[in-house]
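In the text below, chain A, chain B and the rest are named by the order of the sequence lines, each starting its count at 1.
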Protein chains: 2
Amino acid sequence: MKQQEGEIARLLAAAFQDEALYNAYYQVAEERVFRRGEVLLEQGKVCRHCYNIISGLVRVFYLKDGKDITTAFCFADDTVFSIESATRQTPCPETYEVLEDSVIEVIAFEDLNRLRQEFPVLEKVWTLSMEAYAIWLEERVYSMQFCSARERYQQLLQKYPEIILQARLTHIASYLGITLETLSRIRAQAG
Amino acid sequence: MKQQEGEIARLLAAAFQDEALYNAYYQVAEERVFRRGEVLLEQGKVCRHCYNIISGLVRVFYLKDGKDITTAFCFADDTVFSIESATRQTPCPETYEVLEDSVIEVIAFEDLNRLRQEFPVLEKVWTLSMEAYAIWLEERVYSMQFCSARERYQQLLQKYPEIILQARLTHIASYLGITLETLSRIRAQAG
DNA sequence: GCAGGAATTTGATAAATGTCAAATAAAATT
DNA sequence: AATTTTATTTGACATTTATCAAATTCCTGC
């Protein structure tokens, strides 16, 4: 999961003006500092918490046949959790790894689900987030379907210019669905 | 958009036991027969209706640089509309084309959104559908990211064995992100 | 059943990307 | 600063997939 949409941020900001909501939320949500290399959740465990990135960078990946495959990079204002694991109580297919020291707000789904029922605006935010995530995924499928490796790399750079400074090439390559060597050659040619 | 998940179907079936909901819904939802080749919605127009496929087959595609690119095949029990266009009132990025004579339930978002507010169970179904769709998309990204053309073809066949009987190879090929010729060769080799 | 058009297959070749191995370069550790 | 480890680049070659062209097969309307 990953989300980043202006309207949602505004709606949330407005919602937190409500003191009752604010108090109820921060009674159960906890802001924590995670160090580079720390793992928020490991592949195979059930995802029981929702992670809101306040600042920093998180990498989503899974291990398959010994290979480490990156499925997303998540930045400030993104939300990290597994929809599948959290909603169906199944093992989480991915691991969430903190790439650089990050401030992350952690809230248990047990609490969040209760708050969603209690405060309809949070339910609304949830739904809007799902919609935004689906739209983001649609774009990603499109890009995988019809763009060459070079184009995909350029799109990534355009969207997240910082990523190149913060993440390993191996991770970026697997995110793009290409090998490390191919990515290196693409970079060598046209920056 | 596309969705197909057992729990949602069951929840809906239960919800429609409620006579008030049933009546309110079928006052505005209309079941129509569409003939092969008909278009539900054209790329560029705002998506104002939600299409529930009762029976038949719908292809989702868009035109880009003169090329026709398929992004989904939708079957009975799938729901067809553009999340992006419907929620943000933006031009729909895709066209929905009926591939074979189909029975499709049409409901205007104007009505559906009102019903979602009126009957919380419908709001619940909406959210679950979004979740299911996001999970479906995640699988699709994964498949595009790490599977060869042959593997993707085999996955498609396994999931939707009928598709090969109903859709053009050109459409299937663009859905898989490969050329018509490559798909033909894959088929020639290992069924 | 036949003609004409559309869909699919096949062939030859080019381009993109992957694989394996080695060489540098950069970063972390002592 | 020197050493060790890790990350990235480069090279040679294999594989996959695309492209263009032609041949064949399959539909469709007559």
Side-chain angles (χ1 to χ4, degrees), chain A residues 35-38 57 59 61 63-70 73 97-101 140-157 161-191, chain B residues 35-38 57 59 61 63-70 73 97-101 140-157 161-191:
Chain A
R35 299 251 153 248
R36 172 178 179 195
E38 275 192 81
L57 178 63
R59 182 173 76 98
F61 73 96
L63 296 173
K64 167 115 188 210
D65 310 330
K67 274 183 282 188
D68 170 315
I69 294 162
T70 300
F73 294 105
E97 176 200 21
V98 175
L99 283 192
E100 57 178 39
D101 296 358
R140 190 150 153 64
V141 171
Y142 161 82
S143 151
M144 299 297 294
Q145 212 172 348
F146 309 106
C147 301
S148 66
R150 160 163 298 110
E151 290 171 312
R152 275 175 277 151
Y153 174 66
Q154 285 164 346
Q155 288 164 11
L156 180 69
L157 267 197
E162 337 81 297
I163 195 65
I164 209 61
L165 306 167
Q166 298 165 305
R168 289 288 102 80
L169 278 204
T170 322
H171 300 156
I172 296 175
S174 72
Y175 176 77
L176 294 172
I178 60 180
T179 60
L180 168 63
E181 293 94 332
T182 298
L183 178 55
S184 176
R185 277 181 250 264
I186 286 173
R187 276 154 50 81
Q189 282 186 34
Chain B
R35 297 254 152 245
R36 172 179 178 193
E38 274 193 83
L57 178 64
R59 182 173 76 99
F61 73 96
L63 296 173
K64 167 116 188 210
D65 309 332
K67 273 182 282 188
D68 170 316
I69 294 162
T70 300
F73 295 105
E97 175 199 22
V98 175
L99 283 193
E100 58 178 38
D101 296 358
R140 190 151 153 64
V141 171
Y142 161 82
S143 149
M144 299 297 294
Q145 213 172 349
F146 310 104
C147 301
S148 66
R150 160 164 298 110
E151 289 172 312
R152 274 176 278 151
Y153 174 66
Q154 285 163 344
Q155 288 163 11
L156 180 69
L157 268 198
E162 336 80 298
I163 195 67
I164 208 62
L165 306 167
Q166 298 164 306
R168 289 288 102 79
L169 276 204
T170 322
H171 300 158
I172 297 174
S174 72
Y175 176 77
L176 295 172
I178 59 179
T179 59
L180 169 63
E181 294 93 332
T182 298
L183 177 56
S184 176
R185 277 181 249 267
I186 286 172
R187 276 155 50 82
Q189 281 186 36

Counting side-chain heavy atoms from C-beta on, which of D:dA18, D:dT10, C:dT8 comes nearest to B:Leu180?
C:dT8
Reckon A:Arg187 has a side-chain N or O less than 4.0 Å from the OP1 or OP2 of D:dT9?
yes
So for B:Arg152 and D:dT16, does any side-chain atom that can act as donor or acceptor lie under 3.5 Å from a complementary atom in the base?
no
Euclidean distance, atom CD of residue A:Gln145 to atom P of D:dT17 [Å, nearest integer]
15 Å
Given DNA chain C, 5'-ward residue of the pair B:Arg168 and B:Glu181, judged by closest heavy atom:
B:Arg168
Side-chain ion pair, B:Asp68 and B:Arg59, N-O less than 4.0 Å
yes
Using a strict 4.0 Å threshold on nitrogen-to-oxygen distance, state whether B:Asp101 and B:Arg35 make a salt bridge.
yes
B:Gln145 side chain to A:Met144 backbone, donor-acceptor under 3.5 Å
no
If you assign each of B:Lys67 and B:Arg36 to its closest nucleotide in DNA chain D, which residue comes earlier from the 5' end?
B:Lys67
Between CG of B:Leu176 and P of D:dT16 the distance, given in whole Å, is 17 Å
Are OP1 or OP2 of C:dG18 and a side-chain N or O of A:Thr182 less than 4.0 angstrom apart?
yes
Expressed as a whole number of angstroms, how long is the span from B:Gln189:CD to D:dT17:C1'?
12 Å
Tell me the interatomic distance from A:Phe146, atom CZ, to C:dA16, atom P, rounded to whole angstroms.
18 Å
Once you round it to whole Å, what is the distance between C1' of D:dT17 and CZ of B:Arg150?
12 Å
Can B:Arg140 be said to sit on top of B:Tyr175's aromatic six-ring, NZ or CZ under 6.0 Å from centre and within 45° of the ring axis?
yes
Atom-pair distance (CD on B:Gln166; C1' on C:dA7), nearest Å:
17 Å
In whole Å, I'd like the distance from the CD1 atom of A:Ile178 to the C1' atom of D:dT17.
16 Å
Give a yes/no on whether any side-chain N or O of B:Arg185 is located under 4.0 angstrom from OP1 or OP2 of C:dA12.
no
When you measure from the side chain of A:Leu169, which nucleotide among D:dT8, C:dA28, C:dT10 comes out closest?
D:dT8
Using atom CG of A:Leu183 as one end and atom P of C:dT19 as the other, report the distance to the nearest whole Å.
15 Å
Check: B:Ser143 side chain, B:Arg152 main-chain N or O, donor-acceptor pair, under 3.5 Å
no
